[in-house]
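To start, the structure itself, in structure tokens.
Atoms considered below: every heavy atom in the structure, side chains included; atoms not considered: hydrogens, waters and symmetry mates. All residue numbers in this chain count up from 1 along the given sequence. Bear in mind that the values here come from a model prediction, so they are computed numbers and not experimental data.
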Amino acid sequence: IPYGCLIPAGVDNVLAAGRCISCAPNIIDRIRLFPVCFVTGHAAGVAAALAARQGVTPREVDVAAIRRRLLAEGAYLG
């Protein structure tokens, strides 16, 4: 799931995780499953922590840094 799916258009300092992420209509049934909600929540939490630590908005956080932290925490990224 691309990080951009968690960032609402036109709104800063907000991340959308779980069932409210942005996705194509043909995959919404797969996105609404609890395991997917869990992993998007994990990613949003990591991104929020990095943004706060760096003093930037979630939109400005380096996606590679999010991926590195998720892997360090044992996340499966496919």
Side-chain angles (χ1 to χ4, degrees):
I1 298 170
Y3 178 59
C5 293
L6 308 182
I7 302 174
V11 180
D12 285 330
N13 296 317
V14 173
L15 289 166
R19 293 180 167 199
C20 62
I21 70 170
S22 176
C23 69
N26 62 327
I27 64 167
I28 190 66
D29 290 340
R30 288 174 270 172
I31 293 294
R32 294 175 56 92
L33 300 173
F34 284 114
V36 177
C37 293
F38 175 78
V39 297
T40 59
H42 187 187
V46 166
L50 289 173
R53 213 174 283 144
Q54 297 169 6
V56 298
T57 67
R59 190 178 313 279
E60 298 169 301
V61 175
D62 179 34
V63 175
I66 297 169
R67 290 179 61 85
R68 283 191 301 273
R69 186 66 205 166
L70 287 170
L71 289 171
E73 293 181 4
Y76 172 74
L77 302 181

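Counting only distance, with no hydrogens or angles, the side chain of T57 and the backbone of N13 share no donor-acceptor pair below 3.5 Å.
Linking Ile, Leu, Val, Met, Phe, Trp and Tyr whenever their side-chain heavy atoms come within less than 4.5 Å leaves V39 and L33 in two separate clusters. Hydrophobic cluster membership differs between Y76 and F34, with clusters built from Ile, Leu, Val, Met, Phe, Trp and Tyr side chains linked at under 4.5 angstrom.
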#### Entry: Test side-chain contact (heavy atoms from CB on, under 4.5 Å) applied to H42 and L70, step by step
CA-CA 8 Å; H42 187 187; L70 287 170; 3.7 Å; yes
#### Entry: Worked check of side-chain contact (heavy atoms from CB on, under 4.5 Å) between L15 and Y3
CA-CA 10 Å; L15 289 166; Y3 178 59; 3.6 Å; yes
### Task
In sequence, state the C-alpha distance, the side-chain angles, and the governing distance for R68 and D62, and then conclude on side-chain contact (heavy atoms from CB on, under 4.5 Å).
CA-CA 10 Å; R68 283 191 301 273; D62 179 34; 4.1 Å; yes
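The nearest pair of heavy atoms linking A44 to A17 is CB-CB, 3.9 Å.
Among residues at least two apart or in separate chains, there is no salt bridge (charged side-chain N to carboxylate O under 4.0 Å, His left out) pair with a member in residues 39-58. Evaluation of the salt bridge (charged side-chain N to carboxylate O under 4.0 Å, His left out) test over residues 8-22, restricted to residues two or more places apart or in two chains, returns D12-R59.
Residues I1 and R30 have side chains not in contact (no heavy-atom distance under 4.5 Å, counting atoms from C-beta outward). With contacts defined as side-chain heavy-atom distances shorter than 4.5 Å, the pair E60/Q54 does not qualify.
Here CG of L71 is found 12.0 Å from CD1 of I66. Values are rounded to the nearest 0.5 Å. Interatomic distance, L6 CG to C23 SG, rounded to the nearest 0.5 Å: 11.0 Å. Separating the CD1 atom in I7 from the OG atom in S22 is a distance of 11.0 Å, to the nearest 0.5 Å.
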